[in-house]
Amino acid sequence: MSGLAGQRILLGVTGGIAAYKAADLARRLQDAGAQVQVVMTDAATQFVTPMTFQALTGRPVRSSLWDAAAEAAMGHIELARWADRIVIAPASADLIARLAQGMGSDLLSTICLASEAPIALAPAMNRVMWANAATQANVATLRARGMQVLGPGDGDQACGEVGAGRMLEPMQIVNALDTSAAPALLAGRRLLISAGPTFEDLDPVRFLGNRSSGKMGFALAAEASRMGAQVTLVAGPVSLCTPDRVQRIDVRRAVQMRDAVIAALPGQDVFISAAAVADYMPAQTESRKIKKTAASLSLELVRTPDIVSEVARHAQRPTLVVGFAAETNDVEQHALGKLKSKGLDLIAANDVAAEGIGFESDDNALTVYSTSDRHAIERGSKSEVARRLLELIAARLESGA
Ligand code: C5P
């Protein structure tokens, strides 16, 4: 069965003569079992009519951010969430430039900005436009952000020239997507993931918190779900959308997170503790706002429960218990110490002092330690890094380790 079977593909079509081939591509993606929703730029509609795609896909084509009726049915954010992956074919030099700049100047570029789905581009343009330093720099930027660039191919061009810039043939695109489709490595597995910070209340208006954004834990939940797992996500206070098909339980304090995790434990195959749980909480939470009457104020703090250690020692311990170690120095030594003392199977260590990775950023890089080996996961988007970590976890589950 094709890796595209059952996938929801948002097919972006931009303005170029290769747009006519996108009609064939829509057909072939459906033949591979995918559901296809077409989004066209205005320029694309000059080459092929939306009716062509509507007839092929059975879905009305979307092209405007300002179509009130269409936005009411499925708004651009819903479209962005609907997509398991976004494929843009043909991708014009203009669209590539706008994506590289992070612009949201039309419906397609806005959806790309708002989606966490993997994006693949099949560029198509005149060979001089393709070779232009600006286009090459933009493509390099998009590649570095994790977008998949398919082609372009070499050969005769519609403009009469010969060279690189031809869009790949529809079946070449389908095959490239198929092999990069998320494999169902975690089908039938149950994963419990904690994410985000915890907030420990001092009084009704103040709390002790930390800088965790929750992005890594949410990326793990989204990717695990794409890989076929049944995912329960216990989330501290974060402003992130729940990934598709993920059951989310919101908590605030460490003790609430512990209770939610322990309650969800039966039947789980894996627990990934990606949350930045507070180590200490106030010995008591005042029911009224603390007044600034004294010149100084001492707070008594007590330890929170160590959730991942409790899970690792629990009678209903999942097969694999995976922790995170955010360190600023002596990363390996601290990570191995925690692996042992907390009774974990794997620990994913990241150097939060390193530039561009860590708490609030979109990128991460990890070194994953077990008692017997280590794997480096090189820098990438948190989604890519999540995929790599889940592949390691799937391999360990498969080998029964
Ligand atoms: O000891 P440290 O906080 O550095 O360990 C980090 C790992 O332990 C993370 O996986 C984190 O989710 C988990 N942890 C926990 N409960 C705590 C503190 C940390 O589960 N109270």
Side-chain angles (χ1 to χ4, degrees), residues 77 80-81 83-86 102 104 111-119 142 144-147 182 186 191-199 209-227 229 231-252 254 257 260-261 270-278 307-308 322-328 331 335 346-368 377-393:
I77 300 291
R81 286 190 197 138
D84 289 319
R85 57 196 304 165
I86 296 176
I111 289 171
C112 291
L113 268 183
S115 179
E116 290 179 329
I119 300 178
L142 297 180
R145 286 188 202 144
M147 291 192 198
L186 292 170
L191 268 74
L192 176 63
I193 299 172
S194 71
T198 64
F199 287 177
N210 64 62
R211 289 170 50 195
S212 168
S213 63
K215 285 180 187 169
M216 190 64 221
F218 274 61
L220 282 162
E223 295 305 320
S225 163
R226 281 203 186 105
M227 290 171 147
V231 181
T232 306
L233 177 63
V234 178
V238 292
S239 48
L240 294 173
C241 297
T242 311
D244 279 347
R245 300 178 288 274
V246 167
Q247 189 205 345
R248 172 174 176 171
I249 303 165
D250 284 311
V251 298
R252 179 174 174 85
M257 184 172 275
V261 164
V270 181
F271 174 53
I272 307 179
S273 187
V277 187
I307 303 170
V308 77
V322 183
F324 270 76
E327 306 293 345
T328 54
V331 177
L346 294 173
I347 192 154
N350 59 344
D351 183 349
V352 286
E355 187 76 11
I357 60 173
F359 275 149
E360 284 147 349
S361 64
D362 291 323
D363 279 8
N364 206 353
L366 298 172
T367 309
V368 185
I377 298 180
E378 64 188 38
R379 182 174 171 170
S381 69
K382 285 186 173 169
S383 299
E384 286 169 316
V385 169
R387 271 200 291 284
R388 296 280 101 78
L389 177 57
L390 290 163
E391 282 165 10
L392 284 178
I393 289 172

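- Under the 4.5 Å side-chain criterion, counting only non-hydrogen atoms from C-beta, Cys112 is not in contact with Met147.
- Smallest separation of non-hydrogen atoms from Leu390 and Ala224: CD1-N, 3.4 Å.
- One finds the NZ atom of Lys382 at 13.5 Å from the CD atom of Glu223 (value rounded to the nearest 0.5 Å).
- You'll find the side chain of Leu192 reaches within 4.5 Å of the side chain of Val234, heavy atoms only.
- Among all heavy-atom pairs drawn from Ala276 and Asn210, the shortest one is O-ND2, 2.9 Å.
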message = Set out, in order, the CA-CA distance, both residues' side-chain angles and the distance that settles side-chain contact (heavy atoms from CB on, under 4.5 Å) for Met227 and Glu391, then state yes or no.
response = CA-CA 9 Å; Met227 290 171 147; Glu391 282 165 10; 3.8 Å; yes
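- To the nearest 0.5 Å, atom CG of residue Leu233 and atom CG of residue Leu191 are 11.0 Å apart.
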ask   = What do the steps show when you test Val322 against Ile393 for side-chain contact (heavy atoms from CB on, under 4.5 Å), and what is the final call?
value = CA-CA 9 Å; Val322 183; Ile393 289 172; 4.0 Å; yes
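- None of Val270, Ile272, Val368 except one satisfies the side-chain contact (heavy atoms from CB on, under 4.5 Å) rule with Leu346; the exception is Val368.
- Taken to the nearest 0.5 Å, the CD1 atom of Ile347 stands 11.5 Å off from the OG1 atom of Thr367.
- Residues Met257 and Ala195 share a closest heavy-atom pair of CE-O, 3.8 Å.
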message = Run Val231 and Leu220 through side-chain contact (heavy atoms from CB on, under 4.5 Å) and show every step you take.
response = CA-CA 10 Å; Val231 181; Leu220 282 162; over 6 Å; no
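- With rounding to the nearest 0.5 angstrom, the CE atom of Met216 is 11.0 Å from the CG atom of Asp363.
- Taken from CG in Asn350 to CZ in Phe324, the straight-line distance is 7.0 Å, to the nearest 0.5 Å.
- Listed by chain and number, the residues in a side chain to side chain donor-acceptor pair (under 3.5 Å) with Ser273 amount to none (sequence neighbours excluded).
- Listed here is the closest heavy atom pair of Ala278 and Thr198: N-OG1, 3.0 Å.
- Between Ile77 and Ala114, the closest heavy-atom pair is CD1-CB, 3.8 Å.
- Ile86 has its side chain within reach of Ile111: a pair of non-hydrogen atoms, C-beta onward, lies under 4.5 Å apart.
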task = Let me see the working for Ile307 and Ser194 under side-chain contact (heavy atoms from CB on, under 4.5 Å), right down to the final yes or no.
result = CA-CA 10 Å; Ile307 303 170; Ser194 71; over 6 Å; no
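- Atom CG of residue Leu186 and atom CZ of residue Arg226 lie 13.0 Å apart, to the nearest 0.5 angstrom.
- For the pair Val238/Ser213, no side-chain contact is recorded, criterion being any heavy-atom separation below 4.5 Å from C-beta on.
- Other residues, nucleotides and ligands contribute only 12 or fewer heavy atoms inside 6.0 Å of the CD atom of Glu116.
- Looking only at distances, no side-chain donor or acceptor of Asn364 sits under 3.5 Å from a matching main-chain atom of Val385.
- Looking at every heavy atom in both residues, Asp84 comes nearest to Pro118 through O-CD, 3.3 Å.
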